[in-house]
Protein chains: 2
Amino acid sequence: MILQHYAPNLSRAAVSCKNCCLSEFCLPTGLNATELEQLINIIHRSPSLPRGKHLFKIGDPIQSLYAVRSGSVKVYVPTEPGEEQVLGFILPGEFLGFDGIEAQHHTCAAVPLETTTVCELPYDRLEELCHALPAVDSRIHKLIGKEITGDHEMLILLGKKTAEERLATFLLSLSVRFKQRGFSERDFNLSMSRHEIGNYLGLAVETVSRIFARFQDEGLISVNRRYVEILAMDELKKLVGDCPMDETCARVREAP
Amino acid sequence: MILQHYAPNLSRAAVSCKNCCLSEFCLPTGLNATELEQLINIIHRSPSLPRGKHLFKIGDPIQSLYAVRSGSVKVYVPTEPGEEQVLGFILPGEFLGFDGIEAQHHTCAAVPLETTTVCELPYDRLEELCHALPAVDSRIHKLIGKEITGDHEMLILLGKKTAEERLATFLLSLSVRFKQRGFSERDFNLSMSRHEIGNYLGLAVETVSRIFARFQDEGLISVNRRYVEILAMDELKKLVGDCPMDETCARVREAP
DNA sequence: CGGGACCTTGAGGCTCGTCAAAGCTGGTGG
DNA sequence: CCACCAGCTTTGACGAGCCTCAAGGTCCCG
């Protein structure tokens, strides 16, 4: 077994397969023991990657789908020289690398924000497996769908929401995702800078900083540098309105 | 053969398979005649749909992937009651319905902006075909990748660009897409209202209107209601900068 | 202890949204 | 054929929200 870690100093506890998105991916949807083993066999566990060491850059040939095991990864597109647009932050138990499905090359870049470990699923072997095991195939489709839905929610955020709503949405999204993965939903450390948050949310750094301060004044949260504590979850949710980032939008079904 | 049309009064000329995205999808990537026929057999050509008659609404069960044959379709998410966020406009030869891949239900809605015909590819039969024919599978993956890349470009637009840049990007995107499909790249009719354009680009109607006027004053375009003529393509392109909407971003490959 | 990266805070200005009103267009009905 | 209305579009005036610029503070690292 290759479960032992190369990294003695993980910045977060490694996620066991139980808490990890991969568990849904591996275990549940009707795989028997041998099939499960087939899947596990193609997964390559990376040694720990230091902050700043890219998983891939724009233009790199497609190799693998990645699942973050511990740490966190920033996904972004370089725009003007020295500039970038942050597309997302990937937390433990989440996937990245779908941008490559189309072409031979990545259309964005991914870099750890802190010491990070990932699981690699080589695309060629994954594809074979998708053909052999419908359950794997459908899991991949689910993940892709989530990717698209997530992008759509982000478009709503950037198209319609005010700065306050954006930041509240961002904080609640982190809270929900941490909770799902067994971390605290009420307090956590941000692995990204104010600058990166602003970039992601379409705001200037100063605006992010000011709104953090405002939220703190209003007793919604307590912030100390990168440590955030949510004091009034309900108030924060009120700010967001409907369409929070990480739940599917309300399923309003009209009669035809 | 079911090639005959039910719609005598198409608002645009129907796109023949040659100019249609479907051609790439059907013909090229190593399908022989019988395989090709298999694919064509699952495609259901719709009668013409009038403006406003939804293809699907949010919450509807997933049925099919759609390709627009003639006309145009607006894809959007209802947000607050009476409000919406437009996610995109689908032109002849383009696909929609990928939002459903994840769940059993659509996460957005699609409605024709004018009289429209589409080709339907039922997901269940398409899936079978994907398993049988790798070429079909890979084509689908390409389309999904395009969907994701397109969303990313939209995030950049909403996160970084000014109103002028957004509208210029929008016009050039239409121009490129019309050209690819054999229509004029220099003049065309918009099938969407100013309101819908503004919604899509994260701008107020009035702003859209003003910038159309400004572009006209500057001699970049000529606008008459929904008829747009591009007079200075190069100037317009200068406004956009890099990362135009419908070409993959420049593939900057850094040495490691 | 000093330098650099990051964060905060303040002042001012610009872009764009809001509100209001009027023009245009197409459709309907007298 | 014209009058009228609804919906879309345009234009203007105003103000708010957020960005830019600038300066000072804090933390971390060597």
Side-chain angles (χ1 to χ4, degrees), chain A residues 9 11 50-52 74 79-80 82-86 111 113-115 157-171 189-218 221-228 239, chain B residues 11 50-52 74 79-80 82-86 113-115 157-171 189-218 221-228 239:
Chain A
N9 56 346
S11 49
R51 171 181 166 80
K74 172 177 76 173
T79 50
E80 340 250 300
E83 283 294 300
E84 65 184 33
Q85 170 71 45
V86 175
V111 62
L113 290 171
E114 57 194 314
T115 304
L157 182 139
L158 292 175
K160 286 229 178 326
K161 298 196 177 183
T162 66
E164 282 202 355
E165 290 167 339
R166 293 182 198 192
L167 202 61
T169 306
F170 176 68
L171 289 173
N189 277 290
L190 304 172
S191 56
M192 66 294 286
S193 69
R194 300 286 190 273
H195 184 84
E196 286 163 328
I197 295 173
N199 187 305
Y200 177 55
L201 299 176
L203 300 171
V205 199
E206 296 92 329
T207 305
V208 174
S209 189
R210 269 185 260 270
I211 293 181
F212 266 127
R214 199 182 304 167
F215 281 176
Q216 179 154 252
D217 289 350
E218 292 167 351
I221 62 173
S222 145
V223 202
N224 190 332
R225 235 174 132 65
R226 302 221 174 162
Y227 177 70
V228 176
L239 270 180
Chain B
S11 49
R51 169 182 167 80
K74 172 177 77 171
T79 50
E80 340 249 301
E83 284 294 299
E84 64 185 33
Q85 170 70 46
V86 175
L113 290 171
E114 56 194 317
T115 304
L157 182 138
L158 292 175
K160 287 231 177 325
K161 298 195 180 185
T162 66
E164 281 202 356
E165 290 167 339
R166 292 182 198 191
L167 202 61
T169 306
F170 176 68
L171 289 173
N189 277 291
L190 304 173
S191 56
M192 65 295 287
S193 69
R194 301 285 190 272
H195 185 85
E196 287 164 328
I197 295 173
N199 186 307
Y200 177 55
L201 299 176
L203 299 171
V205 200
E206 296 92 330
T207 306
V208 174
S209 189
R210 269 186 262 269
I211 292 180
F212 266 127
R214 199 182 305 165
F215 281 176
Q216 180 154 251
D217 289 349
E218 292 166 352
I221 62 174
S222 145
V223 202
N224 189 333
R225 232 173 134 65
R226 302 220 172 162
Y227 177 69
V228 176
L239 269 181

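The structure presented is a predicted model; accordingly, all values stated were derived computationally and were not measured. Throughout, a chain's letter reflects where its sequence line sits, starting with A, and its residues are numbered from 1.
Here the side chains of B:N189 and B:R225 are not in contact, with every heavy-atom distance at 4.5 Å or above.
The residue B:S209 sits close to a base: some heavy atom pair falls under 4.0 Å.
Between the P atom of D:dT9 and the CE atom of B:M192 lies a distance of 11 Å, rounded to the nearest Å. Across the protein-nucleic acid pair, A:R226 atom CZ and C:dT8 atom C1' stand 14 Å apart, rounded to whole Å. Distance B:R194 CZ to C:dC24 C1': 12 Å, rounded to the nearest Å. When the P atom of D:dT9 is taken as reference, atom CD of B:Q216 falls 15 Å away, rounded to whole Å. Atom pair B:N189:CG and C:dG26:P shows a separation of 12 Å (rounding to whole Å applied).
Taking A:T207 as the reference, nothing meets the side chain to side chain donor-acceptor pair (under 3.5 Å) condition, with sequence neighbours excluded. Every residue meeting the side-chain contact (heavy atoms from CB on, under 4.5 Å) condition with A:R210, not counting sequence neighbours, appears here in chain and number order: A:E206. Scanning for side-chain contact (heavy atoms from CB on, under 4.5 Å) contacts around B:E164 gives B:T162, B:I211, B:R214, B:F215, B:L239, with sequence neighbours left out. Annotation: side chain to side chain donor-acceptor pair (under 3.5 Å) contacts of B:K160 (sequence neighbours excluded): A:Q85.
Note that the two end axes of the helix from C:dC1-D:dG30 to C:dG30-D:dC1 enclose an angle of 30°, each drawn from 5 base pairs, rounded to 10 degrees.
Across every non-hydrogen atom of A:S222 and A:Q216, the tightest pair is CA-OE1, 3.3 Å.
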*In sequence, state the C-alpha distance, the side-chain angles, and the governing distance for A:K74 and A:E84, and then conclude on side-chain contact (heavy atoms from CB on, under 4.5 Å).*
CA-CA 11 Å; A:K74 172 177 76 173; A:E84 65 184 33; 2.9 Å; yes
*asked:* Working note: A:F212 + A:R194, criterion side-chain contact (heavy atoms from CB on, under 4.5 Å); need CA distance, chi angles, decisive distance, verdict.
replied: CA-CA 10 Å; A:F212 266 127; A:R194 300 286 190 273; 3.5 Å; yes
*What string of B, S and - do you get for nucleotides 18-30 of chain D, 5' to 3', if B is base contact, S is sugar-phosphate-only contact and - is no contact with any protein heavy atom under 4.0 Å?*
SSBB-----S---
